[in-house]
Amino acid sequence: MKDEPYNSDELMTIAASRELRNDDVCFVGIGAPSAACNIARLSHAPDITLIYESGTIGVQPKVLPLSIGDGELCETALTTVPVREMFRYWLQGGKMTIGFLGGAQIDKFGNINTTVIGPYGKPKVRLPGGGGAPEIATQCAKIFLIMKQSKRGFVEQVDFRTSLGFGSGGNARETMGIHSSGPVVLFTDYAIWRPHPKTKELTVVSMHPGIAREDIEATIGWSPRFADDLAITEMPTDKEIQTLRQLKAVSQAAH
Amino acid sequence: MKDEPYNSDELMTIAASRELRNDDVCFVGIGAPSAACNIARLSHAPDITLIYESGTIGVQPKVLPLSIGDGELCETALTTVPVREMFRYWLQGGKMTIGFLGGAQIDKFGNINTTVIGPYGKPKVRLPGGGGAPEIATQCAKIFLIMKQSKRGFVEQVDFRTSLGFGSGGNARETMGIHSSGPVVLFTDYAIWRPHPKTKELTVVSMHPGIAREDIEATIGWSPRFADDLAITEMPTDKEIQTLRQLKAVSQAAH
Amino acid sequence: MPDFVSLDDAIKANLTDGDVVAFEGFTHLIPFAAAHAAIRAGIGDLTLIRMTPDIIYDQIIGMGLAKKLIFSYAGNPGVGLLRRMRDAVENEWPRPLQLEEHSHAALANAFEAGAAGLPSAVFRGYQGADLPQVNPNIKPVRCPFSGESLVAVPSIRPDVTFIHGQKADRKGNVLIEGILGVQKEAVLAARRSVVTVEEIVDNLNAHPNACVLPSWTVTAITEVRGGAHPSYTHGIYRRDNQFYIEWDKIAADRKRFQEWMEKHVLAESEGVFAKRIQHLKSPRT
Amino acid sequence: MPDFVSLDDAIKANLTDGDVVAFEGFTHLIPFAAAHAAIRAGIGDLTLIRMTPDIIYDQIIGMGLAKKLIFSYAGNPGVGLLRRMRDAVENEWPRPLQLEEHSHAALANAFEAGAAGLPSAVFRGYQGADLPQVNPNIKPVRCPFSGESLVAVPSIRPDVTFIHGQKADRKGNVLIEGILGVQKEAVLAARRSVVTVEEIVDNLNAHPNACVLPSWTVTAITEVRGGAHPSYTHGIYRRDNQFYIEWDKIAADRKRFQEWMEKHVLAESEGVFAKRIQHLKSPRT
């Protein structure tokens, strides 16, 4: 895809940004979610509310933060609350419409692992851990997943379930007494996936331009399902790609 | 006591102020406690920390507040915190060395009623209720009681136990798992009382100048105990009386 | 974004007979203008919640518009008792009033739990006190680690919360400064919220850690200068302590109370509040 | 009133082998100078608590001074993993490290409960997550009103908490502004607290609702300009993001790590922090 006017990472981010609305209240993580949210803010959703777990509410960063607590966030925020309050009133209190998650491993039901590769007590790789994810996964009204495809990352079974997707599928969330939707969409560098309405298995609904089914199958650790009415993801517009690249350039220069 | 250079109310307040120390952190109520604390601050305890339940910490009012939330309190406070935080971090968190209580009724063990006269379900007089008192009574390290003596107020049994003193006496507090001291002193317009070391019954330890045992017995609804080494309360000094009267005059003019 | 509407329209759209409602304010920033508009609209059968019900609840109760009161201290602060509320409890005049009584600590925790989306609040409280014997909404719970016995109370989730603040910006973000009470919690815990402010401005110019309610947490905003009188607005006007003292006399007598309400509430509109604070404007110290 | 002492004296008086200690800071205001002084003092067998252990805990762990870590996210924020912490967990180098792992929500609640004097914190969390299966300090509890199943975690009560703030006044009151993290809770929950500040001033000039710690909640105060570097102090200097990126390389190799610590921590004193922020001073926006 070298000759394309965009790369697959960029499309992943842009595709996510397109599904954000002006009245969304997003619990934003660092990296692709932060980029997607800020592209949305700088284009079709100028009043979108972006919240970072550091307690910064309604941020309007000019550069993408490196950490979830960069000074830029507080300086451009509507208000900054203590972290206790962030998790109690704003996340647990049900104020977030969208939370973003990704991780080292994901399974077909959107369960995610950011804790350990290998057994918990004797890990092969000790990852950072859950941070906000265990509660983000169940307390935001909807979850957007963003993650690059790879056989290592898209696995039949996660080594550790740091945060819940649809559990074992079907109505697993409901039986646990959880009322939020869970992962409504997964954006990757190859495709857009959505849960099957009944089984809740993540299903490819739109492939990015130039991607074939085999490309997807080659990067997924299970046999992925494809929707009957499979779409092709819209190419990034010039404006989208410019907004993203400008934001990234300014950010790289700033750090 | 008309010809005295002070009245009995004034001595009650001044006697309380004398027992406050520079490093005390006081949960202050309106009225006599507020006056006592501020006299202490303006005389021998300039760095005493005064906290009002409205969330104002380290106040230095020039006039005595009419309510626990007058603007004067916030304007002179070191900081003002939300009421939730006041009750969780500062009171329940065990930061207060002294709390003040008084009420419509008190018994010989310092249990207090500010809820109802008569039965709870069909009260003869509906009083304001407990406010902060139920938790002040157990969560401040020590309690100072301030209350004017009367047969109506000093009763064999309170109609409703709004806040705990020593319960039925003895080690009742300890058996409830309470670690704070409870009422260490009671200041009235006739005397100073302290709990008996064992029975915890409030006992007259010092009578104000000019007061006889009979005066006290005539204003108490039970047969009060007197200490063996009964003292006479020191008269207010000119400075004490001036400080109190000036504060009251300024305050009356302000409201 | 909240609706910028008149106070009467805000009441009409957000308060209904039978609602559970909190007019919050802790001595400071009590939403008197909003409560008077609600009284004028005659909306009744209300369950009133407030830590420190004072004159406005005395007025709503005295007008027969409340069926229940959830509270922790019902007094005219620094003055005395609430005479209309007493009359309702002791004599069922003008109608009976159910009480659900807590301590301040309990209600502060209950508002916090409401804002935090929890069904109940756990704290250490009521030790040796009689209230748990008359209020079934105080229950013992045990810490699963230490075994200590604590208490739980249900969280508070009003249908609608009314508060008064210093400023809102044109997007509907609200700034509150000074004594904060439990107003942030009361708004975040409620299904709907109506905020009266002294002023609508271009920019809040708020300290980064000031108490700001984002626009999307507020249902309706109305500018009412002096809207907290006889309570006060930090930095703008002082508490009318004289009126609080006077209220004790007004409320002492049923007839005098009714005449006063007729003249100063029913026959007035919210515009009167700006006039009432003329003599109380204070420079920020 | 707190002691105004040198950082080394504050460490000597307040930190002992085997202590449970929180060096708190949430990306902002991380007390690097204090942690480096503790490392220089060689105080070990520590149980470290922090929501977001980052470079300073990587350093303490890599120097073999920690026996246990209580945490919710152990990463170099925006950069990657903590390589010294990984080495301790995966290879027990330079010594084994026990882990007690929570979510952010759990630890934020646990600090809050510590400040509130409670034995545990109750919240809604960990639904469908594996952590409760490997951490016995996460227990189910039931709401006595709704019957809902919630979770409890023990409150956090450190022996000593270290934080960094903008200013202290000469009485020892401390002001923190910007991203506040759980520092207030960490100080109020601790038996002792040590605060480094950028500046000791006559008057805090604080907003009435700013985050201020009264002098009597603080054990010791030291002025250390730049004391949060490579973290930052809102309004005074920017985060040294370049250093965070560089740390990933330094910590990748045991020998390089040790050489770096020798040169930049062990052979230095807190005076160096003022120099490290020279190129990062930012005007308040």
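Letters A, B, ... mirror the listed sequences (proteins, then strands); counts begin at 1.
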Item to check | Pro119(D) side chain near Phe145(C) side chain, heavy-atom distance below 4.5 Å | outcome: no
Checklist entry - Sub-3.5 Å donor-acceptor pair from the side chain of Arg124(D) to the main-chain atoms of Ala116(C), do we have one? => result no
Next on the checklist: Please find the pair of heavy atoms, one from Pro208(C) and one from His234(D), that lie closest to each other, and give the distance.
Outcome noted: CG-NE2, 4.3 Å
Checklist entry - So what's closer than 4.5 Å to chain D heavy atoms on Leu150(C): side chain, backbone, both or neither? => result side chain
Checklist entry - Got a second to check how far Asn209(D)'s CG is from His207(C)'s NE2, nearest 0.5 Å? => result 9.0 Å
Next on the checklist: Quick check for you: among Asn137(C), Ile179(C), Val122(C), which has the greatest number of heavy-atom pairs under 4.5 Å with chain D?
Outcome noted: Asn137(C)
Item to check | Heavy-atom side-chain proximity of Ser146(C) to Ser120(D) below 4.5 angstrom | outcome: no
Next on the checklist: Using heavy-atom distances under 4.5 Å, tell me whether Leu118(D) contacts chain C through its side chain, its backbone, both, or neither.
Outcome noted: both
Checklist entry - Of the backbone (N, CA, C, O) and the side chain (C-beta and beyond), which part of Val141(C) lies under 4.5 Å from a heavy atom of chain D, both, or neither? => result side chain
Checklist entry - Of all of Ala113(C), Gly117(C), Cys211(C), which one pairs up most often with chain D through heavy atoms under 4.5 Å apart? => result Gly117(C)
